[in-house]
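We count ligands from 1, going down the list as the structure has it; atoms in each ligand are counted the same way.
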Amino acid sequence: MRIILLGAPGSGKGTQGEKLVAHYGIPKISTGDALRAAVKAGTELGRKAKAVMDAGQLVANEIVIGIVEERLGQDDAKKGFILDGFPRNTAQAETLDAMLVRLGQPGISRAVHLAVADEEIIARLLDRAQKEGRDDDKEDVIRHRINVYNAETHPLLDYYGKQGKVVAVDGIGTMDQIFDRIVATL
Ligand code: AMP
């Protein structure tokens, strides 16, 4: 099973991704988590990425593609994976398709779209800002991240739609309700 979780920041990709990991026993690959770990560790990559992330912009394609390629090449990703936060634009999606061919892996099975309205997204991210204190969960940055999502990432619904791989899931409800909806589509 090779799943992409698509949805605005705060749509629940991280949470549902963790539940899918437990359910299917395949790893989750989150470029956001990998970048935050690099920032925390103070690596050169982390230093480069931090300002861009804090501004709610997308870091360079080469950086995230490098992270994903390295991770997909590891043994535990051979039988499947869940991608959370990647791809984020059409160039990344095209590179991913080519990468899977190169790695001798089957293509993406499904792109699961967690659908949540913008106002609900803003409320959730402001709440997360209070609880987790992420540097990119400030209101102006949140609005910018949603704009970036709509401009850059939302078109991926078309990209994977043309491949017949998109399933839409209502992202409003309890964690378990949403999870059951996802599993029912896979
Ligand atoms: P996330 O936790 O997925 O919301 O990611 C947090 C931030 O990391 C994003 O706002 C971007 O700055 C950066 N980021 C994560 N994934 C990607 C990606 N696939 N392409 C570009 N930037 C990314």
In terms of residue, atom name and distance, what is the protein heavy atom nearest to [atom]?
{"atom": "atom 12 (O) of ligand 1", "result": "Gln57 O, 2.5 Å"}
{"atom": "atom 22 (N) of ligand 1", "result": "Val59 N, 3.1 Å"}
{"atom": "atom 16 (N) of ligand 1", "result": "Thr31 OG1, 2.8 Å"}
{"atom": "atom 4 (O) of ligand 1", "result": "Arg88 NH2, 3.2 Å"}
{"atom": "atom 6 (C) of ligand 1", "result": "Arg36 NH1, 3.5 Å"}
{"atom": "atom 14 (N) of ligand 1", "result": "Leu35 CD1, 3.5 Å"}
{"atom": "atom 7 (C) of ligand 1", "result": "Met53 CE, 3.9 Å"}

At under 4.0 Å between heavy atoms, is it the side chain or the backbone of Arg145 that contacts ligand 1, or both, or neither?
side chain

Considering only heavy atoms of Gln92, which atoms of ligand 1 have at least one such atom less than 4.0 Å away?
18 (C), 19 (N), 20 (N), 21 (C)

Are Tyr24 and Phe81 in one and the same hydrophobic cluster, where Ile, Leu, Val, Met, Phe, Trp and Tyr link if side-chain heavy atoms are under 4.5 Å apart?
no

Shared hydrophobic cluster, Phe86 / Leu157 (ILVMFWY, side-chain heavy atoms < 4.5 Å)
yes

Which of these, Lys13, Lys19, Glu18, sits in a side-chain contact (heavy atoms from CB on, under 4.5 Å) with Gln16?
Lys19

List for me each residue that meets ring pair (Phe, Tyr, Trp, His ring centres under 6.0 Å) alongside His23, sequence neighbours excluded, and say none if there are none.
Phe179

Run the salt-bridge test on Asp127 and Arg124 with the 4.0 Å N-O cut-off and return the result as yes or no.
no

Work out whether the distance between some heavy atom of Lys13 and some atom of ligand 1 is less than 4.0 Å.
no

Could you go through residues 51-66 and list every donor-acceptor pair under 3.5 Å that involves a side-chain atom there, pairing it with any protein atom two or more places apart or in another chain?
residue	atom	partner	partner atom	Å
Asp54	OD2	Lys50	NZ	2.7
Asn61	OD1	Asn89	ND2	3.0
Asn61	OD1	Gln92	NE2	2.9

Is the number of heavy atoms from other residues, nucleotides or ligands within 6.0 Å of CD (Glu70) greater than 12?
no

If you count the non-hydrogen atoms of other residues, nucleotides and ligands that lie under 6.0 Å from CD in Glu132, is the total more than 12?
yes

Does any N/O atom on Pro87 come nearer than 3.5 Å to any N/O atom on ligand 1?
no

